[in-house]
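Per chain, numbering begins at 1; letters A, B, ... match sequence-line order.
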Amino acid sequence: MPATLDYFRAIPVVETIGGDRTMVLNMGPQHPSTHGVLRLVVEIDGETVVRIRPDIGYLHTGIEKTCEAKFYQQVIPMTDRIDYLAPMANNLAYVLAVEKLLGLEVPPRAMWIRLMLSELTRISSHLVWLGTHAMDIGAMTVFLYCFREREEILKMYEMVAGQRMMTSYFRVGGLSMNLPLGFLDYLKNFTNYFPARIEQYSDLLTSNPIWMVRTKGVAKISKEDAMELMLTGPTARASGIDWDLRRDMPYGGYENLEFKVPLATEGDVYARYMVRMEELRQSLGMVKQAMANLPDGPIKADAPKIVLPDREKMKTQMESLIHHFKIVTEGFNVPEGEVYQGIESPRGEMGYYVVSDGTAKPYRVHMRAPSFANLNAIGPMCEGNLLADVVAAIGSIDIILGDVDR
Amino acid sequence: MPEGSEATPLPGAPSAPAPSAAPAAAAAPAAPAKPAPVPWDGPLAAELRAQFGAAIVNAASYLGQNYLIVTGKSALEVVTALRQKGFTTLTDITAVHYPKDELPFEMVWILHDMAANQRIRVKARYAEGERVASLTDLWLAANWLEREVYDMFGIVFSDHPDLRRILMPDEWTGHPLRKDYGTSQQDQDWVRKNLGIESGQ
């Protein structure tokens with residue numbers, strides 16, 4: 001075990017470790033750079049950080065408990081609220097887990113739309129990360145540009161799901177509804193101009209001297225430490241852990257897509273920036289592939305007892321009406337068993353552990369949240385660095401407090 | 001190793017509807033045909049059985065995911081051995097509460113071998129109040145995950161360096177994810193005292 005990570009061993013709860021030399025600074029929970037309600041108890045010696053103790057739980061809403069009181073399909077809106085910048089990724093992880101328990105296959109069109117929207121979600125999430133991260137460090141313009149493009153993605157969310165943020169668009173067995181008319185044209189237009197926009201962000205930052213001084217060599221974490229702390233996602237890949245669930249344990253059709261997994265070895269803020277920027281380009285490529293491959297056909301699996309019938313059928317056929325009534329009022333039963341489904345969310349491995357007891361409500365739903373694990377790294381990253389770099393470190397690991405606290 | 005990869009959908013047997021081992025839940029009309037866990041007898045399972053004997057209660061595979069059920073006392077040893085065999089990544093730690101069972105708490109450890117690209121779940125049952133060996137000496141990441149399990153279920157880990165609540169307030173009473181804890185239940189005294197709400201709700 002690396003000695004640098006002694007951090008977690010003996011944790012003094014109240015007292016400082018530096019005696020009279022140090023002072024304790026309370027950062028958050030209402031600090032803008034903490035991207036939510038994260039409280040950091042920072043012990044500083046002058047400008048140098050001696051120790052950081054994160055205090056989490058301010059956004060704990062008991063989602064895991066609430067899930068146990070809901071029907072399987074009612075859990076989907078809860079999953080949006082975990083990682084609220086990547087709702088589709090969470091929807092996907094949950095529905096894949098339940099579909100696995102049910103042994104349900106979704107039709108190809110649904111699969112491709114899911115892939116397309118999952119990658120669009122990654123782009124939108126990375127745009128928020130880039131904008132806020134850059135603004136934390138002082139680059140205001142990037143924020144405005146990023147949110148301009150993110151707005152386009154939110155518009156597309158609204159087109160498909162009727163909601164800008166809490167989409168709940170994926171359903172067990174398929175999708176809630178088909179793509180609206182004009183959506184693909186809108187998306188095509190987006191994919192045409194977005195590559196140039198990525199280069200625009202890159203021009204503003206990649207070789208910007210101020211950006212480089214603020215990010216290069218800052219908040220480093222080695223590969224060994226990253227393994228110990230079970231970091232995942234871009235944060236781990238920037239430290240040289242070559243691991244991406246989309247490629248290594250493909251789920252939901254990712255085996256049909258071609259993409260590269262960007263990797264860096266420096267493990268600093270700049271490396272994490274470079275990895276995510278490349279992910280933006282790769283994700284855009286995947287969106288294009290999904291658009292090119294998008295077949296016609298149904299968007300829901302043929303499972304009348306699980307998937308809600310079309311509106312049309314429900315109004316004209318007695319049987320569909322009965323199924324509709326039964327699913328809405330009683331839910332559907334899921335065979336007894338348990339499954340763990342991990343997906344590569346924009347932040348890392350988002351895993352759903354679903355236990356079924358054979359009834360219509362899950363017995364237990366546990367989320368393995370990427371931000372929860374990645375936040376562990378904040379201490380080892382920042383200790384010994386300057387206080388101002390804490391802000392850069394928080395931005396670079398891209399945490400979402402809804403995901404940390406659930 | 002084909003039996004380890006999650007990517008292969010439903011390997012082998014699941015087409016044959018198998019009799020459920022446990023008595024089916026009473027009010028479950030027309031449960032869909034369900035795949036049953038199949039014994040997992042890959043080389044790794046055989047190796048572990050040889051090494052630990054009776055400590056391995058069951059080694060099985062369900063929906064292409066391998067799991068081991070071990071006795072509560074041997075969990076730490078088995079996980080340590082698995083780490084030495086290449087499962088160097090700890091993906092998750094959680095628990096499930098079965099209040100009607102004699103050993104009501106089921107701990108679940110999900111381990112991951114990046115080199116061989118396989119996952120394994122280790123599960124063990126514990127009695128109320130029984131201490132679970134902490135994994136913090138093996139993985140630093142276990143620290144927060146075990147704190148969460150303690151917070152939510154009240155399972156106490158022995159040799160944990162900092163076993164405090166992590167998500168709930170420190171002075172809260174009760175452990176929310178236990179099945180006997182209601183969905184709208186609150187620590188009314190805490191709410192009254194800290195939030196100044198007279199009704200406590």
Side-chain angles (χ1 to χ4, degrees), chain A residues 1 5 7-11 13 56-57 60 62 64-66 68-69 100-103 105 225 227-232 241-243 248-251 255 303 305-306 332-342 349 351 353 355 357-360 363-364 366 368 372-373 375-376 380 405-406, chain B residues 5-7 9-10 14 20 22 24-25 27-37 62-65 67 88-92 94-98 106 108 110 112 114 117 119 121 136-145 148 151-152 161-162 164-169 176-177 179 181 183:
Chain A
M1 187 157 303
L5 294 183
Y7 174 67
F8 286 105
R9 280 296 118 75
I11 295 191
V13 181
I56 62 172
H60 178 61
E64 288 180 14
K65 182 77 180 177
T66 316
E68 293 170 11
K100 210 170 212 174
L101 281 170
L102 286 162
E105 286 252 342
D225 291 0
M227 292 284 277
E228 283 296 322
L229 293 162
M230 68 177 206
L231 304 188
T232 50
I241 300 180
D242 191 8
W243 170 252
D248 299 318
M249 284 186 175
Y251 53 87
E255 60 276 16
K305 297 207 163 133
I306 294 162
F332 50 81
N333 290 335
V334 171
E336 210 177 310
E338 60 193 39
V339 77
Y340 175 82
Q341 174 68 50
E349 178 171 349
Y353 180 64
V355 182
D357 59 350
T359 61
Y363 190 76
R364 170 110 170 85
H366 173 72
R368 186 255 182 236
F372 184 79
L375 185 59
N376 264 321
D405 295 343
R406 283 153 288 142
Chain B
S5 97
E6 286 196 342
L10 318 184
S20 63
K34 67 176 210 180
Y62 182 63
L63 300 172
Q65 303 187 345
Y67 64 88
T88 47
T89 311
L90 173 70
T91 302
D92 202 1
T94 187
V96 188
H97 187 202
Y98 298 95
E106 183 177 75
V108 182
I110 301 175
H112 181 196
M114 279 194 189
N117 199 6
R119 279 226 161 102
R121 274 202 304 272
T136 39
D137 278 337
L138 293 173
W139 286 281
L140 294 161
N143 186 311
W144 275 23
L145 289 165
E148 189 187 335
D151 191 356
M152 293 294 147
D162 183 32
R164 289 179 290 135
R165 284 183 182 273
I166 185 164
L167 295 175
M168 303 300 288
L177 278 180
K179 288 285 174 186
Y181 196 96
T183 36

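Looking only at atom types and distance, the side chain of Thr94(B) has a donor-acceptor partner in the side chain of Arg364(A) under 3.5 Å away.
At a 4.5 Å heavy-atom cutoff, the contact between Ala95(B) and chain A is made by backbone atoms alone. With a 4.5 angstrom heavy-atom cutoff, Ile110(B) touches chain A only via side-chain atoms. Residue Phe332(A) does not touch chain B at all, counting heavy-atom pairs closer than 4.5 Å. Using a 4.5 Å cut-off between heavy atoms, Tyr353(A) contacts chain B through its side chain alone, with no backbone atom that close. The contact between His97(B) and chain A is made entirely by backbone atoms, counting heavy-atom distances below 4.5 Å.
Using a 4.5 Å heavy-atom threshold, the side chains of Phe372(A) and Ile166(B) count as touching. For the pair Ile56(A) and Trp144(B), the minimum side-chain heavy-atom distance is below 4.5 Å. Between Tyr98(B) and Val355(A) there is a side-chain heavy-atom pair separated by less than 4.5 Å. With a 4.5 Å cut-off on side-chain heavy atoms, Leu63(B) and Glu338(A) do not count as touching. Residues Leu145(B) and Met230(A) have side chains in contact (heavy-atom distance under 4.5 Å, counting atoms from C-beta outward). Contact annotation: the side chain of Asn376(A) never approaches that of Leu140(B) to less than 4.5 Å [non-hydrogen atoms, C-beta and beyond].
The NE2 atom of His366(A) sits 9.5 Å away from atom CG of Leu177(B), with the distance rounded to the nearest 0.5 Å. Note: Met114(B) CE to Ile241(A) CD1 = 5.5 Å, rounded to the nearest 0.5 Å.
Judged as a salt bridge (Lys or Arg N to Asp or Glu O under 4.0 Å), and not counting sequence neighbours, the contacts of Glu349(A) are Arg119(B). For Glu68(A), the salt bridge (Lys or Arg N to Asp or Glu O under 4.0 Å) partners are Lys179(B), not counting sequence neighbours.
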_side chain to side chain contact (heavy atoms under 4.5 Å, CB included) between Lys100(A) and Gln65(B), intermediate numbers included_ = CA-CA 11 Å; Lys100(A) 210 170 212 174; Gln65(B) 303 187 345; 3.6 Å; yes
_Determine whether Leu229(A) and Trp139(B) satisfy the following criterion, side chain to side chain contact (heavy atoms under 4.5 Å, CB included), listing intermediate values before the conclusion._
CA-CA 7 Å; Leu229(A) 293 162; Trp139(B) 286 281; over 6 Å; no
*Quick one: do Thr89(B) and Trp243(A) satisfy side chain to side chain contact (heavy atoms under 4.5 Å, CB included)? Show the steps, please.*
CA-CA 11 Å; Thr89(B) 311; Trp243(A) 170 252; over 6 Å; no
*asked:* Run the side chain to side chain contact (heavy atoms under 4.5 Å, CB included) test on Tyr62(B) and Val339(A) for me, step by step, so that the C-alpha distance in whole Å, both residues' side-chain angles and the decisive distance to 0.1 Å come before the verdict.
replied: CA-CA 8 Å; Tyr62(B) 182 63; Val339(A) 77; 5.7 Å; no
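Under 4.0 Å is where a charged nitrogen must lie from a carboxylate oxygen, and between Glu148(B) and Arg406(A) at least one such pair does.
Note: Lys65(A) leads Lys65(A), Met227(A), His60(A) in heavy-atom pairs under 4.5 Å with chain B.
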